[in-house]
Amino acid sequence: MTKTRFNTYDVVCSVTELQRLVGMRVNQIYDIDNKTYLIRLVRNEEKVVLLLESGNRFHTTAFEWPKNVAPSGFTMKMRKHLKNKRLESLRQLGVDRIVDFQFGSGEAAYHIILELYDRGNILLTDCELKILNILRPHVEGEELRFAVREKYPEDRAKQDRGPPPMEKVRETIAKANPGDTLRTALNPILEYGASVIDHALTKYGLFGCRIGGKLNPVPPEVSKKVKKKQKAIAKEFAKVFNPEEDMTALMCAINDAETMLRQGMREPSKGFIIQKKELRPAKEGEPEEYYLTNLEYQPYLYNQYKDEPYQEFASFTAAVDEFYSTLEGQKIDLKSFAQEREALKKLSNVRTDHAKRLDDLIKAQLEDRKKAELITRNQNLVDSALLAVQSALASQMAWSDIQDLVKAAQANNDPIASCIRQLKLEINHISLLLKDPYAVLDEEEEEEEDSDREDDEQKLEPMVVDVDLALSAFANARKYYDQRRFAARKEQKTIESSSKALKNAEKKTLQTLKDVRTQTTISKARKVYWFEKFYWFISSENYLVIGGRDQQQNELLVKRYMRPADIYVHAEIQGASSVVIKNPSGAEIPPKTLLEAGTMAISYSVAWDAKVVTSAYWVRSEQVSKTAPTGEYLTTGSFMIRGKKNFLPPCHLVLGLSFMFKLEESSVERHKGERKVRTFDEESVVSVEEEKDLPEKVEDLAIKEEELEPESTSEDDDGDDSAPKFPDTHIKVEHDTGKVSVQPDPTLQRLTSLPDPDSVVFLGDDKPFIITPAPPRKKQVQKSKQKAKNKEQAKEDAAVRAGRRLEAAQKQGPLKRGQKAKLRKIKEKYGDQDEEERKLMMDILKSAGNVPTKPAQNEEASGSDPAKKYPGKKPPPRQKAADLEEVPDDTPAAADVDMLDSLTGCPHEEDELLFAIPVVAPYQSLHSYKFKVKLTPGTGKRGKASKTALQIFLKDKQCSHREKDLLKAVKDETLARNIPGKVKLSAPQMQKVKK
């Protein structure tokens, strides 16, 4: 049986080892569940996490235990009194399983008392041991109360009185019940624990001894299980303890146990995990495989465990931590082994069933053959019996009269009536007892026949045979022969089909075993990230965005996880989720990520069910406050926004369901930069490729009679052939009058005209962008032609100035790929925009464009002042020392980026994937993901929608076997957890999946 709690010797060794924690300060306290708590202790750069579990254990841990989302009341009480206190002492009360942790000194001291017996308890007391908070209030007896404001009775613990004298040991053994083991009898007077007692008894050959004497009679009301246990004890512990001969050896064993206890109090001990070797389920013919399960953790390799497999550790607390941290993985292994056994059992049942079917068919053939043989050999007798009964029926005698007639004939020893055993007239049958008339041959002839007889032919024993009254004896015999032939054909078909059925069963079993082992490996490798308890996704520019599921998580998100450089996003509607964009680098968040976070904030609000499109806004973290105006009150999850709100454009309620895959470290490098901030140059590369085909399309649409002239723009000085060409005429046909007018193309006129000085814009990189106005509307065409003549001189002057600026820009280097297309796009997009409008739009977008780089000497002069180094950008406020202590170390900034890089939505074939994580995100952020479906507000249940999406992914031809295994390992509740509500699923080929 697996060990689950500390004994006395474990407590002694653990207290001795943990004395190294004395002097460390409490940094933070968490709770895993209502019985288990974590205390994080720090000293300079050293950090240690101490785990306390009521009734079971206490030790340091390096395992990342999942913490509760919101701390419990008991945790908050401990935080209030123990935060920043120094651990002054750690001691065991007497030799009992009670440990006292003292934090602080003098009147400011507080104690945590951990009880490791019975149902356990954790108490928080002041310096006078007055209980301030208690995990399990209860009453012992009439006077002893464990409750708040009561004083903890420190003297109730067992005191260390040394080894008992021999007279007390004799007296205890004399009072013990006959049949009890020696350890059971000594346990009440020894404080060492059962394992230490067994170790000492084994050393002196007393392990397995039981107390002699006449066994007490077992009451009849005692269950069979208790009786069986007593018999097993009597059989296992066959040796009887002799007080006269074995008392000296027993006292030596007790003294050795006392020596072990004193040694455990003086110096730390090693740790050992005792393991059990078990046979792993395997198919027939496969070699036997064994696996090891952890049974116990011990601070000493006891004599009774020396023959068992074990694992050794440098310290006892390390062994305990390893034991409990792998306990969950061991449960997964045992569960998978049970599933493997079940699959192999099903295969065995299929084989047994087929073998049974074949045996039944063979037996049926033998029976039919014997019956047919007996009818054939007794043909005259059978025909006579059939004739007699048929005559009686023909004379219209009653069935009862026929029965009486047969009995009367049997009484007269009629040979025909004597063979009739039963009349089954309701089915028109009679039962005849038939014997082999040739069974009286000589023994020699029988022996000869036996030697020549085939295997399936045996001596015909007398047997009862049913014959049909409507058939003759020969027809009845033929009927049985036909049944035999049918059974033989069925046997042959069964043999042929059984091989195929067994192969299918074996294939299915192998697939089940493979799936079980694969899912076990995935489950053990699966790491639950801290942000998975929230709504979350990774933006298309590699920013982690998280949102609260309810009011408590909104509160937790802002108070615990939002850092000074992060951005807070919220929908302009009540009842929405608080969304935080994690910004570990501290740089400005790109607009695309802000828009995606706004979509998330709106989708996880009442707007989803109401199908209402609204706006969202974003603010900096310092603008979010929990301080309400005078006379007002903020409920849980509500915050006050101070300052200006930066509103985002209205977002569509469109989400997507996809999967992200955890990459092995060697595969992370292939996906570096997969999600990054895209510049305008990178986005315009695609448009440049598209524009290469533009001249051909335009030439096809042009009039063949007109001559085509290549376009020559001011920025294309090098005569690149990739520039688009347009016809220089514009033909207008009026269909009502038939009038045809030919005039210069206004689009070409606008493109080839000299630039206006007011349209030259600098976006911060010392390169001029010449913006041409948008094409005029039809009503303004005539007016623009008249004004064009008046502005010719002004355009010539502007062209001279623009040329000088272009020459200055060209000195810096040739234009990069895509810049020509970018210039043309800017002309078309910002043609009607002047400088004031541009500045106004930049202020709205909170971006000042590319800040021109300063000379190196200016950067050195600015020093480390962020306000001087980045003009126009407000530096993030520094945290105070007290604030830093409040923020837990759950989300390290540097680790965030590395962690995000190890998750990908578009795995490659050569990647090594560990596990899959379902993600629900704005659909535009899933553009490059391999698996994705669209979610919009609808009427479908989210559980059904998630299962349908999973089936779509699994049936995808591009889905590899490893990806299918990872997708199948995802639990249904995890898959549908982040879907906002009633949804409509949209995906290509979805109807085929539903069918």
Side-chain angles (χ1 to χ4, degrees), residues 349-350 352-441 449 453-498 501:
N349 291 342
V350 170
T352 306
D353 182 55
H354 278 280
K356 186 179 178 182
R357 285 184 187 179
L358 291 174
D359 290 341
D360 292 342
L361 290 172
I362 292 172
K363 288 179 181 179
Q365 292 178 57
L366 292 175
E367 291 290 324
D368 291 338
R369 187 190 64 79
K370 287 180 181 179
K371 290 177 181 179
E373 286 285 340
L374 287 173
I375 293 174
T376 304
R377 296 184 183 188
N378 296 276
Q379 183 176 359
N380 293 332
L381 180 64
V382 173
D383 282 336
S384 300
L386 290 173
L387 182 60
V389 177
Q390 287 171 354
S391 301
L393 289 172
S395 62
Q396 297 183 354
M397 290 181 63
W399 288 0
S400 58
D401 294 341
I402 297 175
Q403 185 74 32
D404 295 339
L405 182 63
V406 171
K407 287 182 180 179
Q410 289 176 349
N412 295 329
N413 293 325
D414 184 38
I416 297 174
S418 299
C419 72
I420 298 175
R421 282 290 174 264
Q422 187 180 359
L423 295 176
K424 300 179 181 179
L425 299 178
E426 63 275 3
I427 59 173
N428 204 31
H429 280 196
I430 60 173
S431 297
L432 303 177
L433 177 63
L434 301 178
K435 301 177 182 178
D436 186 5
Y438 309 106
V440 294
L441 296 175
E449 289 177 0
R453 190 175 291 159
E454 297 178 1
D455 293 339
D456 60 340
E457 293 182 356
Q458 295 179 4
K459 184 179 179 181
L460 295 176
E461 299 293 339
M463 65 186 304
V464 178
V465 181
D466 282 0
V467 292
D468 192 347
L469 290 173
L471 302 176
S472 63
F474 182 77
N476 275 291
R478 186 174 60 187
K479 174 185 171 184
Y480 280 109
Y481 279 125
D482 290 342
Q483 288 181 3
R484 183 198 175 191
R485 283 192 292 271
F486 178 76
R489 286 196 300 269
K490 192 172 182 181
E491 178 190 0
Q492 186 63 31
K493 289 181 180 178
T494 304
I495 293 172
E496 292 174 357
S497 63
S498 64

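Just so we're clear, the structure is a prediction, and the values are computed from it rather than from any experiment.
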Testing the basics here: between [X] and [Y], what is the closest heavy-atom pair and its distance to 0.1 Å?
X	Y	result
Lys435	Leu374	C-CD2, 3.9 Å
Ala372	Ala477	CB-O, 3.6 Å
Leu405	Met397	CD2-CE, 4.3 Å
Arg484	Gln365	CG-O, 3.6 Å
Ala473	Val382	CB-CG1, 3.6 Å
Asp468	Asn428	OD1-O, 3.1 Å

Side chain proximity check, [X] to [Y], heavy atoms < 4.5 angstrom:
X	Y	result
Asp466	Ile427	no
Lys424	Glu426	yes
Val465	Asn378	no
Leu469	Leu425	yes
Ile430	Leu386	yes

(request) Report yes or no: does Gln410 contribute a side-chain atom to a donor-acceptor pair with the main-chain N or O of Ile420 at less than 3.5 Å? (result) yes
(message) More than 12 heavy atoms of other residues, nucleotides or ligands under 6.0 Å from CG of Asp414: yes or no?
(response) yes
(message) So for atom NZ, which belongs to Lys490, do other residues, nucleotides or ligands contribute more than 12 heavy atoms lying within a distance under 6.0 Å?
(response) no
Within this structure, what is the [atom1]-[atom2] distance for the pair [X] and [Y], rounded to the nearest 0.5 Å?
X	Y	atom1	atom2	value
Asp359	Glu491	CG	CD	9.5 Å
Met463	Leu433	CE	CG	10.0 Å
Arg369	Glu367	CZ	CD	10.0 Å
Tyr480	Lys370	OH	NZ	14.0 Å
Gln492	Leu358	CD	CG	10.0 Å
Arg478	Ser472	CZ	OG	7.5 Å

(message) I'd like to know if Lys356 and Asp360 make a salt bridge, using a cut-off of under 4.0 Å between side-chain N and carboxylate O.
(response) no
(request) Could you point out which residue of Leu381, Val467, Asp383 forms a side-chain contact (heavy atoms from CB on, under 4.5 Å) with Ile375? (result) Val467
